[in-house]
Amino acid sequence: MLCKAIFNAKHCMILVVPALLVLSSLCLAFGLVLPLVRFEKLYFFNETPSLIDIVVSLWEQGSGGLAVLVALFSIVFPIVKLFGMALEATAPAQASAGKANWLARLLPVLGKWSMMDVMLVALVIVAAKTSGMASAFTQPGLWFYAASAIMTGVLQMKLKPH
């Protein structure tokens, strides 16, 4: 609202898109390295893995296929989506017309997978709590990851007419 009061709508978009790109990238970075969930087992042992820790742990435990899938959907896809949106946001209007075909098809496909990890961690937390084997609590990494997914979704909606 303040942006519209000071500038017209076009100037507001000029400020919003870069801000969302930067904030979404920062939130994704924090979401990848900060703990996603804390598991407490018998009140003596607890674990707080980050998304990268989970991928590395899966790989080291011999679940290479699952590690690759998790890394692809939760690390690679969001990064590629952010780069694609940055390219779409910064490309000149003439240049973006030629790139619009593949970029316009790629970004919505990647966007469909944006919240998959957040939902997966939420299911793990529910399963841990209902099984009685451990208590599970969300950690900042999950919230940063979710914020990044939401901001990239908003950003994708803002860039769609472009």
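Note that these values count all heavy atoms, side chains included, but never hydrogens, waters or copies made by symmetry.
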Leu36 pairs by side chain to side chain contact (heavy atoms under 4.5 Å, CB included) with which of Ile52, Asp53, Ile54, Thr138? Ile54
The remaining residues in the hydrophobic cluster of Leu26, counting side-chain heavy-atom contacts under 4.5 Å among Ile, Leu, Val, Met, Phe, Trp and Tyr, are Val22
Applying ring pair (Phe, Tyr, Trp, His ring centres under 6.0 Å) as the test, list every pair that has at least one member in residues 19-38; sequence neighbours left out. Phe30-Phe144
Gln61 meets the side chain to side chain donor-acceptor pair (under 3.5 Å) criterion, sequence neighbours left out, with Ser57
Hey, any chance Val33 and Val55 share a hydrophobic cluster, counting ILVMFWY side chains that come within less than 4.5 Å of each other, even indirectly? yes
How far apart are the closest heavy atoms of Cys27 and Met151, and which atoms are they? SG-CE, 3.4 Å
Are Leu69 and Val80 connected into the same hydrophobic cluster when the rule is that any two of I, L, V, M, F, W, Y join if their side-chain heavy atoms are below 4.5 Å apart? yes
Atom pair CD1/OG of Ile79 and Ser74 - distance to nearest 0.5 Å: 9.5 Å
Would you indicate whether the side-chain heavy atoms of Met85 and Leu21 approach each other to under 4.5 Å? yes
Do the non-hydrogen side-chain atoms of Ser24 and Leu82 ever get within less than 4.5 Å of each other? yes
Report whether Leu28 and Trp143 are members of the same hydrophobic cluster (ILVMFWY, side-chain heavy atoms less than 4.5 Å apart, transitive linking). no
In this structure, would Val56 and Trp59 fall into the same cluster of hydrophobic residues linked by side-chain contacts under 4.5 Å? no
Output the distance between atom CG (Leu32) and atom CD1 (Ile75), rounded to the nearest 0.5 Å. 5.5 Å
